[in-house]
Amino acid sequence: MFDINLLRNDIAATAERMKARNYVIDTAAFEALEAERKALQIQTQELQQQRNALSKAVGQAKAAKDEAKAQQLLAEVAAVPEKVKANELALAGVQERVNAILMAMPNLPQADVPMGKDSDENVEQRRWYPNGKAARTIDFEVKDHLALGEALTSATGPQLDFEAGVKLSGTRFTVMRGPLARMHRALSQFMLDTHVNEHGFTECYVPYIVNAESMTGTGQLPKFEEDLFKVPMPSEEGGEVKNRYLIPTSEVSLTNFVRDTLVDANTLPMRLTAHTPCFRSEAGSYGRDTRGMIRQHQFDKVEMVYITKPDESNAMLEEMTGNAEKILQKLGLPYRVMLLCTGDMGFVATKTYDLEVWLPAQNTYREISSCSNCEAFQARRMGARYKNAAGKNEPVHTLNGSGLAVGRTLVAVMENYQNADGSITVPEVLRSYMGGLSVIR
RNA sequence: GGAAGCGUGGCCGAGCGGUUGAAGGCACCGGUCUUGAAAACCGGCGACGGGGCAACCCGUUCGUGAGUUCGAAUCUCACCGCUUCCGCCA
């Protein structure tokens, strides 16, 4: 949630900075609403105070057995509760309007984030190649992962089977069989093991269905409901049916660990990781990446989440990005690191690095990880705080990043490790997860 | 599916219509004592919001939401969650 103090204290400067995100703050409207809120709140609290004082006096009179005075006081208060109730109602209405504005506002970019309107203005930070110089030159006709996967066979059908996915579920679903399915599993195991054993993460198993409070905490709700799959669930006692949601990323489950909690400062920074499927409706992406495994309604991802103190969150963003890079390096996949410009960042982020992996068949780099520092944006929504050095409760910072998107990593391995005969060499680090298999045919 | 309970501050736990934001304990923060630490003793200490330059003042908050009342942690209803026993079960 956007920090209301930025609007109260210096709305002009804040509005100026938000322009970078193509977000226009109606400063006059906000100031008018805020003035209304302030007047109403003061009036309401004065009435509450009046009621409380008189009620207390009634109690005292009764305790002193002064019935006459008690009756007199009761007559005096009689009209107050009604006024209080009316004011409370009006105030709640105004506060709801203020809140709705704050909930719909995206986060403010950090000062060093480059200005820009879309992905064309992202700034490359660095590139990495297995041999330090360039991506492997492929001296035969390069195939994409569809051609490769559909040509590979198992005892029961193609190793990569889009038709079966469509039959079972519809477009943007895929079936894998045999060694390719195993490599998909090997990738997630390898990623998890690396983060746990080398990067200090706690491995977690989390729900794939979460409630509306969790989705609100991390920012998917209320604004992006159309991107989510809803699951109507009756309560155990047969009460009303409430919507829950399939997670679009395990960031939601992991980050909400600290919702509504005062986090013990000694446990910070927290490093959490989980391997889960992710479910996205992909509303609004019709026609994009319709072929292949790049954009699916269901895909696996190994996620990294950090819960940190405010002064260490930017250092942790660098660390997390490095963790994701490490996975690509161990897999020997060429990539580049992009610093997203203001116009390309997600709703909750203040600063984001994207990792883009080299896909030779497309002759381009494609996003395979996104690492963001959300600062206190999610923490304010969630009520996630810690006691700072001054003894004050303060929102924590939250970060999340993919480490990595498993399906896209499989695509990258297939395309980068393809051989002239259509077989795929298994990267060294995955072989122990695949019973020593070195080539998929 | 049947039966019975219970949700109070960072944690444990009293309170069950009126000067109760809530006893007591633990934890935490000062201080005394000590070579140091521990113990003991003294003092402090909930959260969220609003107003004020400030000292400070006010409001809200006892799972959540409605209701009864001049007044609700305390009474009523609904919802959410948890525990125990029986049954069933991946």
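A quick note: this is a predicted structure, and the numbers were derived from the prediction, not measured.
Interface residues of residues 67-82 of chain A facing RNA chain B, ordered by number: A/L74, A/V77, A/P81; criterion, heavy-atom separation under 4.0 Å. Of the residues in residues 386-395 of chain A, A/K387, A/N393 come within less than 4.0 Å of RNA chain B through at least one heavy atom, sorted by number.
Side-chain proximity of A/Q60 to B/rU19, B/rG52, B/rG81: nearest is B/rU19. Of the listed nucleotides (B/rU19, B/rG59, B/rG51), B/rG59 has the atom at the smallest distance from the side chain of A/Q45. Proximity note for A/Q41 (side chain, C-beta onward) versus B/rC70, B/rG50, B/rG10: the nearest is B/rG50.
Side-chain contact check for A/T174 and A/Q296: at least one donor-acceptor pair (N or O, by modelled atom type) lies under 3.5 Å. Checked by atom type, the side-chain pair A/E67/A/Q71 shows a donor-acceptor distance below 3.5 Å. With 3.5 Å as the limit, one finds no donor-acceptor pair spanning the side chains of A/Q159 and A/S154.
The partner of B/rG10, taking Watson-Crick or G-U wobble pairs whose two distances both stay under 3.5 Å, is B/rC26. Of the nucleotides present, B/rU32 is the one that pairs with B/rA40 by Watson-Crick or G-U wobble criteria, both distances under 3.5 Å. A 3.5 Å limit on both hydrogen-bonding distances identifies B/rG65 as the Watson-Crick or G-U partner of B/rC77. Summarising the base pairing, B/rA47 is matched to B/rU60 through a Watson-Crick or G-U wobble pair whose two defining distances lie under 3.5 Å.
For the pair A/I307 and A/F257, the minimum side-chain heavy-atom distance is 4.5 Å or more.
Using atom P as the reference point in both B/rC12 and B/rA27, the two lie 15 Å apart (nearest Å). When the P atom is compared between B/rU68 and B/rC77, the two are found 15 Å apart, to the nearest whole Å. Comparing the same atom, P, in B/rC28 and in B/rG81 gives a spacing of 35 Å after rounding to whole Å. Look at the C1' atom in both B/rC53 and B/rC57: the space between them is 15 Å, to the nearest Å. Going from the P atom of B/rG30 to that of B/rU83 covers 39 Å, rounded to whole Å. As rounded to the nearest Å, B/rA78 and B/rC41 have P atoms that lie 49 Å from one another. For the P atoms, the distance linking B/rA90 with B/rC80 amounts to 27 Å, nearest Å. With C1' as the reference atom, B/rA14 and B/rC62 are 12 Å apart, rounded to whole Å.
Counting to the nearest Å, the P atom of B/rC48 and the CG atom of A/L91 are 19 Å from each other. One interatomic measurement links the two molecules: CD1 of A/I4 to P of B/rC48, which rounds to 16 Å at whole-angstrom precision. What separates CG of A/N266 from C1' of B/rG10 is a distance of 12 Å, to the nearest Å. Regarding A/N99, its CG atom lies at a distance of 14 Å from the C1' atom of B/rC48, rounded to whole Å. Taking atom CG on A/L47 and atom C1' on B/rG71, their separation rounds to 16 Å, with Å as the unit. Atom pair A/N211:CG and B/rU64:C1' shows a separation of 13 Å (rounding to whole Å applied). If you take CD of A/Q50 and P of B/rC58, they are 15 Å apart, rounded to a whole angstrom. Nucleotide B/rG50 holds its P atom 18 Å from the CG atom of A/N87, rounded to whole Å.
Where A/E46 and A/E34 each meet RNA chain B at their nearest nucleotide, the meeting point lying more 5' is that of A/E34. When each of A/K56 and A/I42 is assigned the nucleotide of RNA chain B bearing its nearest heavy atom, the one mapping closer to the 5' terminus is A/K56.
Salt-bridge annotation for A/R288 and A/E282: absent, with no side-chain N of the basic residue lying under 4.0 Å from a carboxylate O of the acidic one. Using a 4.0 Å cut-off between a side-chain N of Lys or Arg and a carboxylate O of Asp or Glu, A/K301 and A/E303 qualify as a salt bridge.
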Polar atom pairs (N or O), protein with nucleotides 60-63 of chain B, under 3.5 Å:
from   : atom 1 : to    : atom 2 : distance (Å)
B/rU60 : OP1    : A/R51 : NH2    : 2.9
B/rU60 : OP2    : A/N52 : ND2    : 3.2

Going through the checks in order, is the side chain to side chain contact (heavy atoms under 4.5 Å, CB included) test met by A/M105 and A/I25? CA-CA 9 Å; A/M105 286 180 68; A/I25 299 176; 3.6 Å; yes

Can you list the steps and then say if A/E34 with A/R37 is a salt bridge (charged side-chain N to carboxylate O under 4.0 Å, His left out)? CA-CA 5 Å; A/E34 175 62 7; A/R37 186 233 98 220; 2.4 Å; yes

Passes side chain to side chain contact (heavy atoms under 4.5 Å, CB included), A/V337 versus A/L339? Steps please. CA-CA 7 Å; A/V337 181; A/L339 174 58; over 6 Å; no

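In this structure, A/L192 CG and A/M304 CE are separated by 11.0 Å, a value rounded to the nearest 0.5 Å.
For A/R366, the salt bridge (Lys or Arg N to Asp or Glu O under 4.0 Å) partners two or more places apart in sequence, or in a different chain, are A/D289. For A/S313, the side-chain hydrogen bond (donor to acceptor under 3.5 Å, both in side chains) partners at least two apart in sequence or on another chain are A/N373, A/H397.
Formation of a donor-acceptor pair under 3.5 Å by the A/S402 side chain with backbone atoms of A/S370 is found in this model.
At the heavy-atom level, A/Q49 lies under 4.0 Å from the strands shown only through sugar-phosphate atoms.
Between A/K38 and B/rG50 there is no side-chain N or O to OP1 or OP2 distance below 4.0 Å. Proximity of A/R385 to the phosphate of B/rC48: a side-chain N or O atom is located under 4.0 Å from OP1 or OP2.
Pairs of residues two or more places apart, or lying in two chains, that qualify as salt bridge (Lys or Arg N to Asp or Glu O under 4.0 Å) and include a residue from residues 12-28 of chain A are A/E16-A/K19.
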